[in-house]
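The structure appears right after this line, and notes come after that.
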Amino acid sequence: MAGRQIYNPDGFKNVEENGKITGYQFQFKAQYYRGFTLSIVRDIQVNVDGEDAAREDIRFTVNGETFTLEEMRTVVDSDYRWEFGDYATVTVQKEGGLAKGAHHIKAMQIIAPSYMPFQTEALCEADFEIA
Amino acid sequence: MAGRQIYNPDGFKNVEENGKITGYQFQFKAQYYRGFTLSIVRDIQVNVDGEDAAREDIRFTVNGETFTLEEMRTVVDSDYRWEFGDYATVTVQKEGGLAKGAHHIKAMQIIAPSYMPFQTEALCEADFEIA
Amino acid sequence: MSYDIKRSVSLYSYQDEYYDGKLDLEGCLRETAKTGATGVELLAEQMIRRFPLPIETQEFRDQWFGWLKKYNLEPSCYDAFLENKIYDNRTLSLGEQINMMKRDIRLASMLGFKNLRTLVSTPMDVIEGSLDYAAEMDVKIGLEVHAPFSLNSGWADGYMEMIHKTGTKHFGFIPDMGIFCRNIPDVLRDKARRQGASEECIKIVDDSYAQRLEKGFVKIKYDLNLGKANMEYRMANGMKEMMDAVEKAGGGPADKAYAGASFTYSWSEPQDLIDNIDYIFHTHAKFYNVHEDYVETAVAIPEVVEAFKKAGYKGFLSSEYEGGEHLRDVGVDSIEQVRRHQEAMRRAIEG
Amino acid sequence: MSYDIKRSVSLYSYQDEYYDGKLDLEGCLRETAKTGATGVELLAEQMIRRFPLPIETQEFRDQWFGWLKKYNLEPSCYDAFLENKIYDNRTLSLGEQINMMKRDIRLASMLGFKNLRTLVSTPMDVIEGSLDYAAEMDVKIGLEVHAPFSLNSGWADGYMEMIHKTGTKHFGFIPDMGIFCRNIPDVLRDKARRQGASEECIKIVDDSYAQRLEKGFVKIKYDLNLGKANMEYRMANGMKEMMDAVEKAGGGPADKAYAGASFTYSWSEPQDLIDNIDYIFHTHAKFYNVHEDYVETAVAIPEVVEAFKKAGYKGFLSSEYEGGEHLRDVGVDSIEQVRRHQEAMRRAIEG
Ligand SMILES: [Mn+2]
Ligand SMILES: [Mn+2]
């Protein structure tokens with residue numbers, strides 16, 4: 001059952017630094033109808049091919065600035081919001097990145113808008129290819 | 001050796017709520033030459049008559065709003081700064097408060113201005129009376 | 001009573017098209033104008049990047065007022081979100097929350113809005129502490145009455161007390177027409193079917209809703225702990241019995257989801273609008289699915305508009321489309337839905 | 001070279017009187033004007049409550065410019081503090097720091113300042129990222145060269161590179177005259193005595209300073225970790241040997257405090273000012289104790305002013321009194337100290 005686009009189909013890739021592959025990356029939109037400060041992002045959980053990424057290995061980039069999930073707890077700057085309808089880039093630090101070929105991602109966006117009694121948990125799944 | 005006034009001499013008192021004495025209170029000025037957000041107050045340590053107050057029992061009031069030290073970590077509102085030269089009110093929750101008569105306070109202000117390599121630690125001592 | 005009922009569109013209605021990049025903010029205004037609506041409701045945090053900075057610039061405001069002129073639209077309501085848990089280590093203090101509310105009042109005012117929507121989660125003392133500023137800026141704070149809340153209830157009484165105590169002319173209610181649902185919307189039901197819910201379980205849930213409607217819903221109480229208030233409300237309205245029946249009928253995840261979701265709709269009497277009309281200056285015309293024949297699946301539009309006429313309502317009915325979330329797997333067309341809803345309202349208002 | 005050396009007072013100088021409630025902001029401006037100075041340097045966060053909100057209001061700005069007119073003062077420099085560790089869980093990102101710097105540039109500009117003081121802790125890329133905005137607002141960012149830092153050093157070279165690379169006309173240095181101390185200030189020494197330091201230990205520390213001055217101070221290196229840079233600097237300049245000697249002489253807390261504090265003063269050659277004059281547009285005239293005969297205890301005022309004249313300096317020398325902290329147990333009179341210092345400078349400039 002298809003839904004609206006969550007992941008950027010062109011966003012899945014390995015990340016290289018100084019000639020070495022240090023991790024993999026994807027881009028997705030917030031499953032919420034409003035832009036918000038990063039400080040209300042409780043967690044981004046990433047599972048690729050059945051393997052959970054560690055929270056400390058996750059990096060989150062909006063508008064050219066990158067944060068850990070821990071740092072995001074105090075990011076309230078207007079320039080670094082997760083804007084409605086815009087992709088945020090998630091990088092998972094992983095030596096060697098992902099193998100070429102097909103993969104499956106299950107990522108959870110856990111966001112806590114102040115007016116909601118409970119945090120929202122949006123499971124975002126997709127198949128993708130590393131070229 | 002006298003110094004400049006740190007404590008408000010009229011600020012030492014027990015605090016009453018609903019007919020019961022729930023703690024004691026004092027007022028002092030920041031030992032720093034600039035106003036600052038509460039978020040850079042790393043700690044307020046209070047020792048009266050040789051007894052340390054627990055961090056969780058401390059309440060900090062500026063401009064009519066009261067915070068725990070834990071809450072202060074994210075207080076950056078312009079209305080709730082520790083202004084240069086102004087008293088902040090510290091309330092220590094303690095059943096029964098302090099006995100009438102003479103007491104001695106040693107309080108430490110631990111503040112971390114961003115440009116300093118190390119946090120400042122100002123020991124503030126005084127004798128006072130509970131009427 | 002002489003009434004002056006105008007039509008507005010809340011840009012919330014176009015969220016799916018905006019999300020997909022099919023419409024931008026100006027595009028939403030353009031589509032709004034095409035429906036014949038004369039008012040626009042804005043969620044600044046939804047469609048203005050780098051909120052709130054652009055609103056502070058002359059450039060953006062000139063552009064905004066230019067668009068309003070171009071599309072012949074009046075700002076009807078500014079929807080605020082009080083982010084009082086912006087940090088995870090605490091709820092903002094009363095003073096900080098009031099500062100945040102005042103900021104939103106100021107932003108609303110800068111964009112020409114006279115009404116500001118605040119959510120049920122806004123503490124009463126935050127509203128009370130902002131009333132003087134609201135009066136100064138001539139912006140009315142409207143507490144959105146959204147399912148499961150209702151007018152003429154213990155919950156609303158608390159706010160009525162505050163109005164009387166302060167004598168304020170700058171606080172009132174914004175009913176969301178989702179509190180006038182005769183039944184669960186068909187789009188939710190059809191989605192449940194696509195997800196594998198059984199007809200038996202669907203019937204249990206639908207019958208349960210019909211019973212609540214007949215008996216009269218037990219109203220929700222005022223409690224700053226909204227999770228608690230919500231849970232008590234559901235229990236008082238037979239949620240346990242309904243869930244047990246679904247369980248017994250072998251209900252799976254889709255059945256249980258349908259059952260749980262059914263509590264986000266409610267019915268209250270349109271008479272409540274007449275009783276409280278002195279405090280209603282804006283309305284969210286919530287809707288879920290308007291068919292080709294201009295009949296909406298759940299919200300009792302004709303009865304509600306009739307009550308507004310009888311009450312002498314002077315204000316906007318602001319289309320707020322919330323059906324898209326149940327159609328994302330098969331395709332959403334908010335533009336067409338809003339067009340139909342505006343026509344449905346036009347017929348009810350002019351009929 | 002033709003010079004145009006004007007006199008300013010940094011209101012930092014009046015901190016003790018302000019702290020005691022003897023002077024308010026206007027009072028500080030009044031005292032500044034009485035000294036004959038024509039410029040005023042402001043630490044907005046020190047003397048403007050609810051920073052930065054008042055600066056954003058027409059009311060405050062009108063009052064500020066009214067005072068400047070009344071007291072015939074020109075805004076010479078705005079002292080900013082980049083609170084990039086405003087939260088304890090992280091250092092702000094580069095983008096956030098640049099936003100903070102831009103905010104300060106904007107605030108400085110709104111109060112009529114053309115110069116902004118930034119501290120050595122400000123990362124170079126934050127400055128670089130703010131240069132376009134500084135040019136747009138025509139505010140020059142000055143990096144304060146404060147002991148233990150110095151011009152004509154590896155540390156300063158890094159910044160010179162940035163100036164050449166960017167071609168900016170809106171970044172330079174603000175020397176703090178505490179880098180021209182011939183000896184440790186007497187107020188520090190006298191306080192050490194009152195606290196029980198021995199003459200023997202005091203001599204060890206004073207001799208150690210004299211040695212550093214004769215050999216030439218080993219300069220501090222650029223390192224974002226200022227604690228580390230500071231410690232390496234102290235070690236390279238004989239701190240261990242000095243502390244060992246103090247220990248051996250039976251030094252107690254007061255002796256050790258005097259020894260440690262001695263490293264916050266330094267000597268560099270006034271020639272450095274001439275060499276770098278193209279990048280110096282403001283100066284902190286730091287001082288510690290001006291005696292009745294208008295001779296300052298540590299800072300080599302005549303030599304420094306001579307160098308500025310030779311270099312053709314066009315700008316303010318801004319009195320920055322930092323002796324009060326060593327006199328709080330016996331009584332501080334910043335007003336008299338600043339008066340004397342202004343007179344000392346006047347004599348040096350006009351003599
Ligand atoms: Mn609504
Ligand atoms: Mn200085």
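Remember, predicted model here, so these are calculated numbers, not experimental data. Letters A, B, ... mirror the listed sequences (proteins, then strands); counts begin at 1.
- In terms of heavy-atom pairs under 4.5 angstrom with chain A, the leader among C:Asn230, C:Leu226, C:Asn84 is C:Asn84.
- Side-chain contact between A:Arg4 and C:Tyr19 is present, with at least one heavy-atom pair separated by less than 4.5 Å.
- For a residue to count as touching a neighbouring chain, one of its non-hydrogen atoms must lie under 4.5 Å from one of that chain's; by this rule A:Ile6 touches chain C with backbone and side chain alike.
- Within residues 115-131 of chain A, the residues having any heavy atom under 4.5 Å from a heavy atom of chain C are, by residue number, A:Tyr115, A:Pro117, A:Phe118.
- Among the residues in residues 72-83 of chain A, those with a non-hydrogen atom closer than 4.5 angstrom to a non-hydrogen atom of chain C are A:Arg73, A:Thr74, A:Val76, A:Ser78, A:Asp79, A:Arg81, A:Glu83.
- Put simply, CZ on A:Phe36 and CD on C:Gln46 are 12.5 Å apart, with the number rounded to the nearest 0.5 Å.
- When each of C:Met47, C:Glu83, C:Gln15 is scored by its heavy-atom pairs under 4.5 Å with chain A, the top score falls to C:Glu83.
- With a 4.5 Å cut-off on non-hydrogen atoms, C:Ile48 touches chain A through its backbone but not through its side chain.
- Inspection of non-hydrogen atoms places A:Arg42 of residues 42-70 of chain A under 4.5 Å from chain C.
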Donor-acceptor list for residues 9-21 of chain A side chains, cut-off 3.5 Å, not counting sequence neighbours:
unit_1, atom_1, unit_2, atom_2, d
A:Asn14, OD1, A:Leu98, N, 2.8
A:Asn14, ND2, A:Leu98, O, 2.8
A:Glu17, OE2, A:Thr22, OG1, 3.2

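- Comparing C:Glu325, C:Arg49, C:Lys85, C:Lys228 by heavy-atom pairs within less than 4.5 Å of chain A, the highest count is held by C:Arg49.
- When side chains are defined from C-beta on, A:Thr37 does not count as touching C:Tyr87, because their heavy atoms never get closer than 4.5 Å.
- Distance CG/C:Leu82 to OG/A:Ser114: 7.0 Å, rounded to 0.5 Å.
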